[in-house]
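Quick notes on the structure that follows.
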Protein chains: 2
Amino acid sequence: MEAQSKPSPPAKDLPGEKAERIIEAMRQSVARRGVAGSTFDHVAREAGVSRGLLHYYFGTKERLLVEVVRREADLRFDALDRQLAEATDADAFLRLLQTSVDEMLRTDPTYVTLTFELFTLANRNEEVAEGFRDLMQRTRKHLADSLRAKEQEGVLHLTVDPESVADVLFSVGDGLTMRVLAEPDRDFGPAISAAIRSLRGLLDDA
Amino acid sequence: MEAQSKPSPPAKDLPGEKAERIIEAMRQSVARRGVAGSTFDHVAREAGVSRGLLHYYFGTKERLLVEVVRREADLRFDALDRQLAEATDADAFLRLLQTSVDEMLRTDPTYVTLTFELFTLANRNEEVAEGFRDLMQRTRKHLADSLRAKEQEGVLHLTVDPESVADVLFSVGDGLTMRVLAEPDRDFGPAISAAIRSLRGLLDDA
DNA sequence: TCTGTCTTTCTGGCCAGCCAGCCAGTAATC
DNA sequence: GATTACTGGCTGGCTGGCCAGAAAGACAGA
């Protein structure tokens with residue numbers, strides 16, 4: 001995307017730093033308060049701009065949420081790439097996965113909460129649905145590409161196609177994270193171990 | 001707290017058939033319109049009662065939603081028991097799982113949509129959070145008990161504790177269902193096969 | 001450098017619509 | 001006649017979107 005090169009009348013791609021602040025404020029607000037609770041009033045205050053500016057940039061709440069989805073995708077790619085870079089065998093790969101999940105849960109479960117918020121909204125809004133679909137597709141493709149690369153390096157030996165592995169991996173990740181968030185006092189160690197044990201069957205035929 | 005519990009000291013549980021209709025109407029409405037879109041006006045009309053009756057029985061929207069969660073749990077138990085009853089070995093068990101998931105997706109993905117709706121609401125309402133926690137716990141326990149029974153019958157040979165198996169199984173189920181709903185045109189056959197293949201590692205050490 | 005004009009960015013008051021909850025009152029039941 | 005079951009009009013509060021206009025730049029000419 002082009003930065004704030006010029007103010008284009010038709011499509012205001014990225015008006016600049018204030019738009020960024022708004023999107024990020026909305027993202028955090030949705031994770032904390034939900035879509036319904038994220039009023040323009042709240043978000044504007046947290047972004048340090050006026051309410052009107054949200055309409056000036058994005059028009060409607062839905063379009064702002066689509067931008068939130070887009071940003072979310074970018075953030076996930078960064079996180080994914082950072083995590084997978086250093087794996088040198090299937091065990092290391094799965095260990096990295098586990099620690100990154102642990103860390104995510106301890107520090108900021110925004111991702112998963114936001115995923116579910118956006119999914120529920122997507123059921124009722126085609127614009128958001130399209131964005132969400134794109135988020136799922138791109139995330140899957142991204143991980144699948146990484147898996148393919150790891151396979152060529154000899155780190156992994158996939159027993160099924162990489163896209164399917166990505167689907168299963170993200171699915172069990174989302175589902176478990178939801179459960180951990182729902183029952184924070186329960187020890188999910190055994191469940192996470194079981195998940196990893198079952199995933200190994202897809203990553204390594206050794 | 002006990003505003004509407006006057007009529008029957010022994011049990012405020014079931015005011016009757018109208019309350020049932022309200023709960024079921026709310027359940028379906030939440031799955032279709034989301035929590036925010038499920039106004040008392042809509043739900044009352046669909047249940048064939050007046051708006052005021054919803055307040056008369058449940059007081060607040062949250063308390064009505066807690067009843068929805070409770071009902072959801074009951075429905076799930078029925079479905080689970082029906083599905084697992086006839087499995088005679090691990091393969092049959094997993095095949096049953098696959099067909100029941102397929103059928104659920106084709107006919108009525110209410111379950112999963114509702115799960116996510118309630119989860120997002122639970123983030124903001126302690127009453128609902130408690131109900132949701134209970135839903136997760138009871139569902140897990142229920143499947144774990146079935147798994148234990150199947151193990152004693154010699155149908156399955158679990159490689160980890162049944163509760164963890166249940167967690168992983170439901171997690172991957174929820175996550176995949178969400179993805180299927182988000183991308184209805186994509187063929188998830190390979191992904192579902194991959195999921196089942198990975199789950200086999202937990203169900204059968206043969 | 002100053003000044004005036006035009007454009008873009010940004011503000012916040014306003015409004016119409018919606019909703020949960022309240023409550024006064026009516027119907028049903030005993 | 002009294003208690004319980006039920007109704008629906010009302011309201012206060014909130015929200016997204018609109019818009020008139022204020023600030024902030026941009027630019028030209030003197």
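Residue numbering restarts at 1 for every chain, and letters A, B, ... go by the order of the sequence lines.
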> Rounded to the nearest Å, what distance is computed from the CD1 atom of residue B:I22 to the P atom of nucleotide D:dA5?
Replying inline: 13 Å
> Taking it one step at a time, do A:E46 and A:R33 satisfy salt bridge (Lys or Arg N to Asp or Glu O under 4.0 Å)?
Replying inline: CA-CA 13 Å; A:E46 283 158 13; A:R33 304 190 187 94; 2.3 Å; yes
> Over how many whole Å does the gap from A:H55 atom NE2 to D:dA20 atom C1' extend?
Replying inline: 16 Å
> Does A:V180 have any side-chain contact (heavy atoms from CB on, under 4.5 Å) partners at least two apart in sequence or in another chain, and if so, which?
Replying inline: A:L105, A:F188
> Just how far, in rounded Å, is C1' of D:dG8 from CG of B:L54?
Replying inline: 13 Å
> Under the side-chain contact (heavy atoms from CB on, under 4.5 Å) test, which residues partner B:L114, sequence neighbours left out?
Replying inline: B:R27, B:V30, B:V68, B:E72, B:L118
>> Using whole Å, what does the distance between atom P of nucleotide D:dG17 and atom CZ of A:F58 come to?
In response: 13 Å
> Of the candidate nucleotides D:dG16, C:dC22, C:dC10, which contains the atom at the shortest distance from the side chain of A:K61?
Replying inline: D:dG16
>> Side-chain N or O of B:Y57 versus OP1/OP2 of D:dC6: is the shortest distance under 4.0 Å?
In response: yes
>> Assess the residue pair B:R148 and B:E151 against the criterion (salt bridge (Lys or Arg N to Asp or Glu O under 4.0 Å)); give the C-alpha distance rounded to whole Å, side-chain angles, the decisive distance to 0.1 Å, and a yes or no.
In response: CA-CA 5 Å; B:R148 261 187 282 264; B:E151 194 168 27; over 6 Å; no
> Can you pull the salt bridge (charged side-chain N to carboxylate O under 4.0 Å, His left out) pairs that have at least one residue in residues 48-57 of chain A, sequence neighbours excluded?
Replying inline: none
> Under the side-chain hydrogen bond (donor to acceptor under 3.5 Å, both in side chains) test, which residues partner A:T115, sequence neighbours left out?
Replying inline: A:R76
> Rounded to whole angstrom units, what separation is found between the CD atom of B:E20 and the C1' atom of D:dA5?
Replying inline: 17 Å
>> Suppose we screen for ring pair (Phe, Tyr, Trp, His ring centres under 6.0 Å). Which residues come up paired with A:F116, at least two apart in sequence or across chains?
In response: B:F116, B:F119
> Roughly, in whole Å, what's the span from CD in B:E62 to P in C:dC19?
Replying inline: 15 Å
> Does OP1 or OP2 of C:dT9 have a side-chain N or O of A:Y56 closer than 4.0 Å?
Replying inline: yes
>> It should be established whether B:K18 places a side-chain nitrogen or oxygen under 4.0 Å from OP1 or OP2 of nucleotide D:dA5.
In response: no
>> What is the separation between atom CZ on A:R33 and atom P on D:dT15, rounded to the nearest whole Å?
In response: 10 Å
> Got a sec? Which of residues 35-53 of chain B come in under 4.0 Å of DNA chain C, heavy atoms?
Replying inline: B:S38, B:T39, B:F40, B:R51
